[in-house]
Structures are given as structure tokens and as C-alpha cells.
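Remember, it's a predicted structure, so these values are computed and weren't measured experimentally. Numbered from 1 within each chain, the chains take letters A, B, ... in sequence-line order.
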Protein chains: 2
Amino acid sequence: MTVVPGPDHRKLPRRRGAVLSRAIFDAVLAEIAESGYSALTMDRVAERARASKASLYRRWPGRAALVLDAAYEAMPGPDAVPNTGSLRLDTLTVMRQGARQLEGIVGQAMRGVLGEALQNPEVAAEVREFARGNAGRMMREILANAVNRGECDPDLVTDFRIEAGPALLRQRFIFGSGPIDDDFLVGVVDQVVLPLFGVDPKNNRRGT
Amino acid sequence: MTVVPGPDHRKLPRRRGAVLSRAIFDAVLAEIAESGYSALTMDRVAERARASKASLYRRWPGRAALVLDAAYEAMPGPDAVPNTGSLRLDTLTVMRQGARQLEGIVGQAMRGVLGEALQNPEVAAEVREFARGNAGRMMREILANAVNRGECDPDLVTDFRIEAGPALLRQRFIFGSGPIDDDFLVGVVDQVVLPLFGVDPKNNRRGT
DNA sequence: GCTTATAGAGAACTAGCAGTTCTCTACCTC
DNA sequence: GAGGTAGAGAACTGCTAGTTCTCTATAAGC
């Protein structure tokens, strides 16, 4: 029992509460950025955050919940909803913002969270609510503006039509691998979103 | 070393090749049906199939590959492509077939496979190819028939438009939990698919 | 029908991860 | 200053993926 005491880490200044949570989130995101979601382990997160696993499990019931929270933290606040006066440009802007988010750490984290969601209906419901309140809200708002401008018939604004564009983007994210190029987004907007809302893309091609 | 010999299982008739593979697939599907994908372990599969783990690993490099193969096996052969004379009914039929498949064991297996695909781009590519050659092929065929009937402008038949309906169905499968009800499918067809191909649903409502 | 190579059965084994529990002690509150 | 809360670190359990070993049934070649 050769106990070489050395510096006792327990005597270092200790973080608590929100500060510690912040450090744990940072560790999760750094791990994901470095090695991806599937290589993320609770031990590695704890070590990287210089926290104990007990502290992790006091805050979250398991890995899925931890990553879900970390992913929410990593998401940029709700982007300002664009209002350019053209439904085409507004939609394209929203789609581009979404695609850009999915390319970075948030995308990596989302892949992990989605994997959990597939196995766990409660996680799935939570993710669905989040997506609905995020992309859905923005789409609804730019469509309301288009209706007010008289650019779009209000009867066409239904959940099915609203979800078509985002669904194609998400499918591309899930099944595709590389970055989502702009041609894809333009194709979705011009060939799917605008036709569904009765807008002719050709009448809207002022800026990009 | 109290070796009580007992009946040596190794003396039972041994299955080989395709017969054994078949038994392993059956065990995988039974496990998934019984306890879902996340509870599926190689040990349980081996035990259920009365096979050795070595036999499993000689055939497949890991769990993901095994389940992927088992899922393909479980899929019914390509349904006959409907040709009712109405694009609306053809599309609805295809969507209903797809939704029905996703409700059973195939759906459970797909959840597992999708989870793997999210972490592994190669699996993702394989699944994408499969989906494209399945739903995509059927959609393309019924659209070709619609074009031949003069029901639909051939210029409208593009990948983006073709994928819109299936993408909504898949999104519903991934994020939703319960069975996919028919109102959803009708909504997708009437509000998204048909408008994208320039067909008015009202002119097509002969038989459901 | 005999020989030989292949491959299956079963079990023991390693390594790694999730999650729990323990001790010790810093920090906050009263 | 006392007492309670919560963090650090480590030891521990239990489960699973994947490997490797021995023994032997079966198939294929002669």
C-alpha cells in the first residue's frame, strides 16, 4: 500500500452549481468535436471537465440527457427571422441558417441525440417539440409576412406544407454525409417550398 | 475438475451455411420483435439461434452489419407498383405500403439501423441507396405512368419533388411514436405531393 | 469407404463502459 | 463557528462486444 500522497486534488478550489455545469457542457462539446458522439463516454467527460462522475449523475440521469442538454446549450439563440420582402429570399435564408448549424458541433451532437431518439420515444418527442418550435416557428413567421404582403394565399399555409422544406433538409442531413451545398437548398426552395405556397420562383429572383 | 459430461451438444446435428444464417436472421428478428433493437445483444442472438458467437462473427463484422442484413431479409420483396389510372390513388397506395412496413418488425429494425447510420457514413450511404432504389423507384414509375396519361407535366418530375412525400413519411416515422394514421398520409398526398406535380386532388377523388 | 479440410458448438477470456457507492473535504449558509 | 450540501476521486459491480480456445460434426475429394 505505497500511498504517495502527492498534491490532493480535493484541496483545489472547487466549482459548484452553474459554473460546474458549464464546464461539463464544454467538456461534452469538446469531446464531440474531437472524436464524435459515439466515442463519447461519461468517464472521458468527467476527466476532461475535471469533475467526478457522481457530479454528472447527480445532474443528469444518463448520457442521452446530458448530450441533449449540451446540444441545446450549443445551439445559437433563435436567429432573427428574416424579413426581406421576398418569400424566396426569406425561406432561403432560414434554410441556410439551418444547414450551417448542422455542419458544426451542433450537427455532430444532433446525430447522437437522434440516435437516442430512435430508441426512446420520450427523447423523440422532446426533439420533435424543439424542432417544431425552432424551424417551424421561423417558417410560420415568414409565411405570415408573405400573406400580409399578398404574396401567398393564407389557405395554403398548413403544417404539411410548412414541414416539407425542413423535412427535406433533415433527411439530407441524416442520410447524406458531406456538407450541404447551396444548390441543394436552392433546389428545395425553388422546386418544393415556393410551388407549395403558390409562388413562382422566377418572380422573386432579385437578390441571389 | 468435476467434469460431468452429460449430453454433449456438440454431437447434435449441426447446421451449416445458409441454413444456419437463416436461423440467425430469425433469431435477430425475434429478438427485435420481442425486446426492440436496443436490447439486442450478440450473446442473446447466439443463444436464441443455438449458434456460437464465433459463427456470428465469422459471418458479420459486428452488430450493425448483422442487423442491417437481417433487416433486408425481413423486408418484403418489392411490391408491385400500383397503376390505377389515378396519380392520387397510386401515390396513396405507395405511401400506405411504406407506412405499413414501418409499423412492424421492419420498422423496429430500421430504427436500429438508422441509429448506426447516424454514426457511420458508410452505413448511411448504404441505407440511402436502398431507400432510393425502393421508394424512389416506385414513385418514379407511377409518375412516368401519370406523364403518359397526360396527367402530369414531365418537367415537374425532379428528384426534389419526388423526395418530398417520402421525406415527410420518414420524418414522421423517426420523430413520431404511434402508428402512422391515414389522415397523415392523405394530407401529405393531397397537400404536398399532388400540388408539386400540378395535379388537383379534387379531380382525383373517385376511390378514396 | 477413408482422409482431410472446413466450420460449428460451447465456453473461457479480455477490455471497456454505464452506473453506483464510498470516503474525504471544500464551500455555503445560518 | 457549526452543520449541511455537494464536489473530487477512486473503487466497485454488472453487462456487452469481440476474441480465442478446444473439440468434433459434416462435406468434399480421392
Side-chain angles (χ1 to χ4, degrees), chain A residues 1-28 31-32 35-68 112 115-116 119-120 123, chain B residues 1-28 31-32 35-68 112 115-116 119-120 123:
Chain A
M1 273 287 186
T2 50
V3 177
V4 181
D8 192 338
H9 323 59
R10 288 174 288 191
K11 291 189 175 162
L12 292 175
R14 253 180 220 173
R15 302 152 301 180
R16 297 193 153 223
V19 177
L20 181 55
S21 294
R22 181 78 258 159
I24 294 170
F25 284 144
D26 288 347
V28 169
E31 283 292 321
I32 288 177
S35 324
Y37 173 82
S38 48
L40 180 128
T41 71
M42 296 301 260
D43 285 274
R44 287 172 67 90
V45 170
E47 194 188 343
R48 181 160 209 150
R50 298 198 63 75
S52 75
K53 284 211 291 175
S55 300
L56 266 60
Y57 282 102
R58 182 165 308 124
R59 289 173 162 75
W60 299 277
R63 200 172 68 133
L66 169 57
V67 175
L68 197 59
E116 306 287 348
Q119 304 303 323
N120 183 342
V123 177
Chain B
M1 273 288 189
T2 49
V3 178
V4 180
D8 192 338
H9 323 60
R10 287 173 289 191
K11 290 187 174 162
L12 292 176
R14 254 180 221 174
R15 301 152 300 179
R16 298 191 153 224
V19 178
L20 182 55
S21 294
R22 181 78 258 159
I24 293 170
F25 284 145
D26 288 346
V28 169
E31 282 291 321
I32 287 177
S35 322
Y37 173 82
S38 48
L40 180 130
T41 72
M42 297 300 262
D43 286 272
R44 286 172 66 91
V45 169
E47 194 188 344
R48 181 161 210 150
R50 299 199 63 76
S52 75
K53 285 210 291 174
S55 300
L56 266 60
Y57 283 104
R58 183 166 306 123
R59 289 174 162 77
W60 299 276
R63 199 172 67 133
L66 169 57
V67 174
L68 197 60
E116 305 288 348
Q119 304 304 324
N120 183 341
V123 176

Calculate, to the nearest 0.5 Å, the distance between atoms [atom1] and [atom2] belonging to [X] and [Y] respectively.
X	Y	atom1	atom2	answer
Ser52(A)	Arg58(A)	OG	CZ	7.0 Å
Ile24(A)	Leu56(A)	CD1	CG	4.5 Å
Glu116(A)	Tyr37(A)	CD	OH	3.0 Å

Out of dA9(C), dT16(D), dA11(D), minimum distance to the side chain of Ser52(B) belongs to dA9(C)
Less than 4.5 Å apart, any side-chain heavy atom of [X] and any of [Y]?
X	Y	value
Met42(B)	Tyr57(B)	yes
Leu20(B)	Ser55(B)	yes
Leu68(A)	Trp60(A)	no
Arg48(B)	Val45(B)	no

Rounded distance (Å) that lies between atom [atom2] of [N] and atom [atom1] of [X]:
X	N	atom1	atom2	value
Arg15(A)	dG9(D)	CZ	C1'	13 Å
Met42(A)	dG16(C)	CE	P	19 Å
Arg14(A)	dG7(D)	CZ	C1'	5 Å
Asp43(A)	dA18(C)	CG	P	6 Å
Leu40(B)	dC15(D)	CG	C1'	14 Å
Lys53(B)	dG8(C)	NZ	P	16 Å

Q. Is a side-chain donor or acceptor of Arg44(B) paired with a backbone partner of Val28(B) at a separation under 3.5 angstrom?
A. no
Whether the side chain of Arg50(A) engages the backbone of Ala23(A) through a donor-acceptor N/O pair (distance < 3.5 Å, no angle test) should be reported. no
Under a 4.0 Å heavy-atom cutoff, the residues of residues 16-25 of chain A touching DNA chain D are Arg16(A), Gly17(A), Leu20(A)
Terminal axes of the helix from dG1(C)-dC30(D) to dC30(C)-dG1(D) (5 end pairs apiece), angle rounded to 10 degrees, sit apart by 30°
Here the residues of residues 54-65 of chain A within 4.0 Å heavy-atom distance, strictly under, of DNA chain C are Ala54(A), Tyr57(A), Gly62(A), Arg63(A)
Any side-chain N or O of Arg44(A) under 4.0 Å from OP1/OP2 of dG16(C)? no
Shortest non-hydrogen pair, Lys53(A) vs Ala46(A), comes out as CG-CB, 3.9 Å
| query | Does the side-chain contact (heavy atoms from CB on, under 4.5 Å) test come out yes or no for Arg22(A) and Arg15(A), once each step is laid out? | reply | CA-CA 10 Å; Arg22(A) 181 78 258 159; Arg15(A) 302 152 301 180; over 6 Å; no
